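Comments concern the structure below.
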Amino acid sequence: GARGFLPLKGKNCWGEGFTLAEVLITLGIIGVVAAMTMSTIMSNYRKKQAVVQLKKAYSEISQALTLAQTEFGMIEDWDFTNIPFAERSKYFAQNFLLKNIKTIKVCNPTSPDCWKEPVNTSGRLAMCRTEHLGGNYISFISSSGYSVFSWVAVSGHDGGVCVDLNGPLKGDSIVGKDVFLIYFNSRMDDSRNPGVFMYGGFKKNILSRDELLNDPTYGCATVEHDWGGAYCGLLIQRDGWEIKDDYPWK
């Protein structure tokens, strides 16, 4: 007979053929499965990349503050109360961080070129923001690519170092996804240890995993508070530098 393609319907050497509709449905199913699989692969890749960058930022900032002790004494003796409150955060950034971290850009005063105002998982403007002190802060981008915004607390004995893992121009700037809070504490009392920690790690009463997830003020799950998500970095660290399945990653 005439040479040509085998018909889609009818007998062939494999048995029953397929109709065009059946082929299209099968291809559609394969496409959906492939898309879902690729989405999962990309999500897992982004999680792993976030953890790698978070570990690097935590290591470099911890090292910078350890080096600062050679000039300013042991961390448990740090006292910023003799510096005017409005100047403390700049003083801390200039002398305790910038001297010991390689940077590619410094914004003095802070600006969107170095720091993007983050939100937490509830969409609320987060604690790492520049509205206090009339914006009298310094922010910078490290040579490793993460950006930093820091401050010294009212007590003069503790303060935060917020890191945006992707810098100010990439990512979502969401606390717990690409923004995390590292904290230094020089107060030594019944409730706190001195040192450099993922936020919450300074507490002598070790927080449970449920508290890290669900604390109504600082927990990693969605909460209506500007400090919501502050415990996310500590949760990842406690989980062996891994983002577990119940981590609120969206």
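Model, not experiment: these values are computed from the prediction. The chain is numbered in sequence order, starting from 1.
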Q: Go through the steps for Lys99 and Leu67 under the test side-chain contact (heavy atoms from CB on, under 4.5 Å), then give the verdict.
A: CA-CA 9 Å; Lys99 284 185 177 181; Leu67 289 172; over 6 Å; no
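- The two atoms that bring Leu234 and Gly200 nearest to each other are CD2-C, 3.5 Å, heavy atoms only.
- Taking the charged nitrogens against the carboxylate oxygens, Arg192 and Asp158 do have a contact shorter than 4.0 Å, which makes a salt bridge.
- Salt-bridge formation is detected for the pair Arg209/Asp239: a Lys NZ or Arg NE/NH1/NH2 atom is positioned less than 4.0 Å from an Asp or Glu carboxylate oxygen.
- Closest approach of Ala68 to Trp78, counting heavy atoms only: CB-CZ2, 4.2 Å.
- In summary, the aromatic rings of Tyr218 and Tyr231 are positioned with their centroids under 6.0 Å apart.
- Rounded to the nearest 0.5 angstrom, Ser150 OG and Leu97 CG are separated by 5.0 Å.
- Of the possible donor and acceptor atoms, none in the side chain of Trp115 sits under 3.5 Å from a partner among the backbone N and O of Thr130.
- Distance CG/Leu235 to OH/Tyr247: 6.5 Å, rounded to 0.5 Å.
- With rounding to the nearest 0.5 angstrom, the OG atom of Ser62 is 13.0 Å from the CZ atom of Phe184.
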Q.
Under the criterion side-chain contact (heavy atoms from CB on, under 4.5 Å), I'd like the reasoning laid out for Asn185 against His157: C-alpha separation, chi angles, the key distance, then a yes or no.
A. CA-CA 6 Å; Asn185 176 61; His157 296 278; 5.6 Å; no
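- With rounding to the nearest 0.5 angstrom, the CG atom of Asn166 is 6.0 Å from the CG atom of Asp164.
- For the pair Ser147 and Cys114, the minimum side-chain heavy-atom distance is 4.5 Å or more.
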Q) Does the side chain to side chain donor-acceptor pair (under 3.5 Å) test come out yes or no for Asn120 and Ser122, once each step is laid out? A) CA-CA 5 Å; Asn120 58 29; Ser122 67; 2.6 Å; yes
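- Put simply, the side chain of Asn214 never gets that close to the backbone of Gly219: no donor and acceptor are under 3.5 Å apart.
- Of the possible donor and acceptor atoms, none in the side chain of Arg187 sits under 3.5 Å from a partner among the backbone N and O of Glu76.
- The pair Glu242-Lys244 counts as a salt bridge, with a side-chain nitrogen and a carboxylate oxygen less than 4.0 angstrom apart.
- Ring to ring, Tyr58 and Tyr146 are not that close: their centroids are 6.0 angstrom or more apart.
- At distances below 3.5 Å, at least one donor-acceptor pair connects side-chain atoms of Gln69 with backbone N or O atoms of Ile75.
- In this structure, the side chain of Asn95 engages the main chain of Tyr91 through a donor-acceptor pair within 3.5 Å.
- Looking only at distances, no side-chain donor or acceptor of Thr103 sits under 3.5 Å from a matching main-chain atom of Phe140.
- Side chain of Asp172 to main chain of Ile174: no donor-acceptor pair is present (N/O by atom type, distance under 3.5 Å, no hydrogens or angles).
- Residues Tyr199 and Trp227 bring their aromatic ring centres within 6.0 Å.
- Distance check, rounded to the nearest 0.5 Å: OG1 of Thr217 to NE2 of His225 gives 4.5 Å.
- When all heavy atoms of Cys162 and Leu181 are compared, the closest pair comes out as SG-CD1, 3.7 Å.
- Look at Asp226 and Arg129 and you find a salt bridge, because one of the NZ, NE, NH1 or NH2 atoms lies within 4.0 Å of a carboxylate O, short of that distance.
- One distance of note links CG of Asp190 with CG of Asn205; it measures 12.0 Å at 0.5 Å rounding.
- Nearest heavy atoms, Val148 versus Ile61: CG2-CD1, 4.4 Å.
- Side-chain N or O atoms of Arg238 include none that pairs as donor or acceptor with a backbone N or O of Gly233 at under 3.5 Å.
- Hydrophobic clustering (ILVMFWY, side-chain heavy atoms < 4.5 Å, transitive): Phe180 and Val223 are in distinct clusters.
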Could you list the donor-acceptor pairs under 3.5 angstrom formed between side-chain atoms of residues 48-57 and any protein atom two or more places apart in sequence or on another chain?
residue : atom : partner : partner atom : Å
Gln53   : NE2  : Ser144  : O            : 3.1
Gln53   : NE2  : Leu165  : O            : 3.2

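- Taking a cutoff of 4.0 Å between a charged side-chain nitrogen and a carboxylate oxygen, Asp178 and Lys116 do not qualify as a salt bridge.
- No side-chain donor-acceptor contact under 3.5 Å links Trp241 to the backbone of Ile236.
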